[in-house]
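See structure below.
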Amino acid sequence: ADTCAAIGCGRNIPAGSSFTTIELKTNFLSSARVGERVTCRCTPVHLGRQTHVWDAVVSNDATGRTMALFRCTQMVRPPR
């Protein structure tokens with residue numbers, strides 16, 4: 001989930017800018033067995049000039065159950 005949010009943020013900031021995580025929260029709800037496929041869907045909640053907020057849902061493809069709910073706030077750092 002963290003990687004998905006980082007990819008999304010990186011693709012939505014101006015060229016030359018960087019970002020850093022300032023807060024994240026994860027609620028773990030279930031698990032997967034070895035070999036089961038897991039999917040993460042990450043969506044932006046807020047895409048501001050100085051901050052981004054991303055929500056992600058991690059789910060088990062075999063059972064359809066939600067495994068984790070994730071929210072990440074990132075600070076966008078302008079180019080030097």
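Between L69 and L29 the shortest side-chain heavy-atom distance falls below 4.5 Å. Residues Q50 and V76 fail the side-chain proximity criterion, which asks for heavy atoms closer than 4.5 Å. Proximity of F70 to D2: side-chain heavy atoms (C-beta onward) are separated by under 4.5 Å at one or more points.
Identified under the side chain to side chain donor-acceptor pair (under 3.5 Å) test for residues 62-71, with sequence neighbours left out: D55-R71.
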Can you list, pair by pair, the side-chain donor-acceptor contacts under 3.5 Å of residues 9-21, counting residues two or more places apart and other chains?
from, atom 1, to, atom 2, distance (Å)
N12, ND2, G8, O, 2.6
S17, OG, P14, O, 3.3

What donor-acceptor contacts under 3.5 angstrom involve side-chain atoms of residues 32-39, with partners at least two apart or in another chain?
from, atom 1, to, atom 2, distance (Å)
E36, OE1, R33, N, 2.8
E36, OE1, N60, ND2, 2.8
T39, OG1, D61, OD1, 2.7
T39, OG1, D61, OD2, 2.8

Q: List the steps, then state whether side chain to side chain contact (heavy atoms under 4.5 Å, CB included) holds for L47 with H52.
A: CA-CA 5 Å; L47 296 176; H52 284 194; 3.5 Å; yes
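Annotation: side-chain hydrogen bond (donor to acceptor under 3.5 Å, both in side chains) contacts of E23 (sequence neighbours excluded): none. Contacts of C4 classified as side chain to side chain contact (heavy atoms under 4.5 Å, CB included), with partners at least two apart in sequence or in another chain: C40, C42. In this structure T51 satisfies the side-chain hydrogen bond (donor to acceptor under 3.5 Å, both in side chains) test together with H46, sequence neighbours excluded.
Atom-to-atom distance recorded for C72:SG and K25:NZ is 13.5 Å, nearest 0.5 angstrom. Note that the CD1 atom of I7 and the CH2 atom of W54 stand 10.0 Å from one another [nearest 0.5 Å].
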